[in-house]
Amino acid sequence: MLKNERKTILLVEDEALVALSEESTLQDGGFDVITVNSGEKAVEAAGKNTSIDLVLMDIDLGKGKMDGTEAAEKILKLRNLPIVFCTGHGEKAMVDRVKGITRYGYVLKSSGEFVLLEAVLMAFELFEAHEHTKRENAHRKEAEQEKERQLQHIRFLADTALSFIDLQNEEAVYTYITRCLKELLPDTYITVNSVDIQKGILRTEAVEGLGGLSDTIISMLGLNPVGKTYALDETITDLHTGKLEKFSKGLYELTFGGIPRHICASIEKVLQIKHIYGIGFMVDKKLYATASFFFPKGRNLQNAEIVEAFVHQASIALKRQKIEKDLWENRRRLRLFVDSNTDFCFLKDKDLRYTMCNAANARFFGKEIEAILGKTDQELMPAVAAGECAKTDRLAMESDTVTVSIEEVGERVFETRKMPVVEDGRIIGVAGNIRDITDRKRAEEMVRKLLQEKELLLKETRHRVKNHMYTIYNYLSIQAFMMNDSAGKNVLEDAANRAQFMIVLYDRLYSYENQQLLNVKEFLPPLIEEMIRLFPGDLEVQTKIRVEEMYLSYKILSPLGIILNELITNSMKHAFHGRANGLIHVDMHIKDDLVVMIYGDNGVGLKTEEVLEDSGRLGIRLMGLLVQQLEGSMNIEKQDGTKFIIEFPLEARSKTEDLSVQKE
């Protein structure tokens, strides 16, 4: 079913038996079906019932009545639905009648259930693809416009990023930031302020947009706003998001009460301020500056994303002044990290001279780090070992990937990883990491031996179990053959048959490399076929098996296989009595959180629910116990043969069970 949704199909067919057959096929295929017998009713149903997802339409709906093509045209005027024509006529003229109406499918009634279901599924897929294409076309123009806007923003960010490189002092950086923000938001008044968290001070560094109102604002403040400082309070944390934040309390809130409330109100009145936004310049969770945007009446915030992106870029420029200190701190931390590593770490130049090594590597050589730098391995170790190191160093520099080698030095085993060091596209040396893996290799070897011993033991155990089961089977068969009492003979033969099936089931379960999870789609059909072949005689039994791909553990498949054996035994012994052939069908799928197995035959059906086979109540009782073990339920339907519906959960709730189900 498409996207795991249960679809509803409007079936339009004037022949009752054909309608009933097609309705049953569609329902078995997982669809809900609404059936009408005329074109007029089809048009009415399609217009009123919004749950209908597809129309399966007969073309010829009776003499003198609206035919399928006319009904389809009227339906398409009411709703956009996929329509599949189903007819008994395959002539070209009949096909040509529907070409101009719909391209979602044309299927002959004689094609069979599979073709009908596939035609319906294909129609759904074609319809969804067509609808997707229409949506894509509808959004393409809007996407192209958005793309052009994004390209302009990218160019802006690229140009400003390059300009930041040439700015030499803090004052120039703030002026440039303010001018760029004004370019992005031309209809606003903008202030950019530096922040010193340690001192608890905010300082106005630049103002943009006042124009002829500058003198008025200076007069109202009593000073030039550029250079004025304000004492920070806890509200500064509102700007720590690095995003544009709206301030409802206005200028007074943004200056942390540094400007009297009545003056703030007067300034907002002069500038006709309607909205105020603020944003923090954040890098590594540290606030370097803030920007405030004052929008006059009739102006609203636009280009928020590009403003935020530019502010983030500008934050990096503000951080540039402390880069040297950060680099020094990073070098110190890197040295602590490298020296705390118990592996040997090193860097060599193209001449294979050490440019860096850690304390562990220095201890290996028995020297101080300073005494190793600038030297080659030939100056630090024996010639043979030095030659091997130089060989792998050069191999690593010639490779684009990590070169791994295992070396034994005395009783110790080392894993060496080397890779080229690249700068500006050029290989300038080699880096390496050497780890002592002696203990790990010994442990791995021990585990490998233990696993081999375990595997041999398991194989021997399984072989013996299988032989014992064969012995039991042969014993029961001989006893049955020698017994004169027919009732006892039947009991022993049933027991022998069960033992024979257990041999088959056991052999198949343990023939897979992975016994934790088995692919039911691969496992079950051949097992069912083999069960049927175990029964002697000339009875020809056909099978119809549909198993959805799923993975179950052997602890689930074992009782499930026994249940199937009981069902097949019953069918083979009782369902087809007096007949030369029969049909057994098995359907297994996942529905919601349940595994559903439906077993049925086209035999004579059960007379009572207690009589399953010659062993009296044993079969039905055994099946009931096994279904309980699976924490499931079993229902029996007696119509057109016998049908058993068994459901059990995907995950067993019992603490003693280890059920694993996985659907790929």
Side-chain angles (χ1 to χ4, degrees), residues 157 160-161 163-165 167-185 188-210 217 221 223-261 263-264 267-268 273 275-295 301 304 306-327 329:
L157 291 175
T160 53
S163 299
F164 275 125
I165 298 174
L167 299 175
Q168 301 298 320
N169 56 65
E170 187 175 0
E171 181 180 352
V173 172
Y174 283 116
T175 300
Y176 181 70
I177 289 172
T178 311
R179 190 166 66 249
C180 290
L181 290 173
K182 182 64 176 177
E183 182 179 342
L184 293 174
L185 300 170
T188 59
Y189 307 108
I190 301 172
T191 65
V192 175
N193 319 283
S194 61
V195 175
D196 189 328
I197 296 295
Q198 290 183 342
K199 295 181 179 179
I201 293 175
L202 179 143
R203 181 178 186 273
T204 300
E205 301 290 347
V207 177
E208 189 73 41
L210 291 177
I217 300 302
L221 289 172
L223 50 82
N224 192 324
V226 177
K228 181 173 176 54
T229 61
Y230 306 92
L232 298 176
D233 62 27
E234 67 279 359
T235 59
I236 192 66
T237 58
D238 294 342
L239 298 175
H240 281 190
T241 62
K243 302 290 184 181
L244 284 161
E245 303 289 345
K246 189 173 183 179
F247 290 88
S248 59
K249 297 181 181 179
L251 181 60
Y252 184 77
E253 181 183 10
L254 284 175
T255 60
F256 311 101
I259 300 176
R261 193 183 297 273
I263 295 179
C264 290
I267 292 175
E268 291 174 6
I273 301 302
H275 305 294
I276 300 178
Y277 289 84
I279 190 171
F281 291 70
M282 297 287 297
V283 180
D284 298 332
K285 298 182 180 180
K286 182 177 179 180
L287 184 65
Y288 286 86
T290 68
S292 303
F293 306 94
F294 303 87
F295 290 84
L301 176 63
I306 184 63
V307 170
E308 291 173 351
F310 171 75
V311 167
H312 177 71
Q313 183 173 278
S315 303
I316 298 173
L318 292 173
K319 185 184 176 182
R320 184 178 60 179
Q321 296 174 350
K322 63 186 295 285
I323 285 179
E324 287 298 327
K325 181 179 178 180
D326 289 343
L327 286 175
E329 181 64 19

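What's counted below: heavy atoms across the whole structure, side chains too, no hydrogens, waters or symmetry copies.
Under the 4.5 Å side-chain criterion, counting only non-hydrogen atoms from C-beta, V311 is in contact with L181. Two residues are said to be in side-chain contact when any heavy atoms from C-beta on lie closer than 4.5 Å; I177 and L318 meet this criterion. Contact of the E245 side chain with the I279 side chain is not registered, since no non-hydrogen atoms from C-beta on lie closer than 4.5 Å. Two residues are said to be in side-chain contact when any heavy atoms from C-beta on lie closer than 4.5 Å; Y288 and S194 fail this criterion.
In this structure, L239 and L287 approach most closely via the heavy-atom pair O-CD1, 4.2 Å. Closest approach of Y230 to T255, counting heavy atoms only: CD2-O, 3.5 Å. In this structure, L185 and I190 approach most closely via the heavy-atom pair O-CD1, 4.3 Å. Across G209 and K182, no two heavy atoms sit closer than the pair CA-NZ, 3.7 Å. Pairing each heavy atom of F256 with each of L202, the nearest pair is CE1-CD1, 3.7 Å. Nearest heavy-atom pair across V283 and S315 is CG2-CB, 3.2 Å.
With hydrogens and angles disregarded, a donor-acceptor distance shorter than 3.5 Å links the side chain of T237 to the backbone of E234. Between the side chain of D284 and the backbone N or O of K286, no donor-acceptor pair lies under 3.5 Å.
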(Q) Quick one, F310 with L184, criterion side chain to side chain contact (heavy atoms under 4.5 Å, CB included). Give me CA distance, side-chain angles, the key distance, then yes/no. (A) CA-CA 10 Å; F310 171 75; L184 293 174; 4.2 Å; yes
Q | Trace of the side chain to side chain donor-acceptor pair (under 3.5 Å) decision for T178 with E208 | A | CA-CA 6 Å; T178 311; E208 189 73 41; 6.0 Å; no
Q: Show your reasoning for whether side chain to side chain contact (heavy atoms under 4.5 Å, CB included) applies to L232 and K199.
A: CA-CA 9 Å; L232 298 176; K199 295 181 179 179; over 6 Å; no
Q.
Checking F281 against V195 for the side chain to side chain contact (heavy atoms under 4.5 Å, CB included) test, could you report, in this order, the C-alpha distance in whole Å, the side-chain angles of both residues, the deciding distance, and whether it holds?
A. CA-CA 9 Å; F281 291 70; V195 175; over 6 Å; no
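Annotation: H312, atom NE2; neighbour count of heavy atoms from other residues, nucleotides and ligands within 6.0 Å does not exceed 12. For K228, the NZ atom sits in a packed shell: over 12 heavy atoms of surrounding residues, nucleotides or ligands are nearer than 6.0 Å.
The aromatic ring centres of F247 and Y277 sit 6.0 Å or more apart.
Atoms CZ and CD1, on F295 and I276 in that order, are 10.5 Å from each other to the nearest 0.5 Å. In this structure, N193 CG and E205 CD are separated by 7.5 Å, a value rounded to the nearest 0.5 Å. The distance from atom NZ of K285 to atom NE2 of H240, rounded to the nearest 0.5 Å, is 12.0 Å. The distance from the CZ atom of F293 to the NE2 atom of H275 is 15.0 Å, given to the nearest 0.5 Å. For the atom pair CD1 of I267 and OH of Y252, the computed distance is 13.5 Å after rounding to the nearest 0.5 Å. For the atom pair E308 CD and M282 CE, the distance stands at 13.5 Å (nearest 0.5 Å).
Note on D196 versus R203: no salt bridge recorded, every NZ/NE/NH1/NH2 to OD/OE distance being 4.0 Å or above.
Among the candidates V207, L210, L251, T290, the single residue satisfying the side chain to side chain contact (heavy atoms under 4.5 Å, CB included) test with T191 is V207.
In this view, E183 and F156 satisfy the side-chain contact (heavy atoms from CB on, under 4.5 Å) rule, not counting sequence neighbours.
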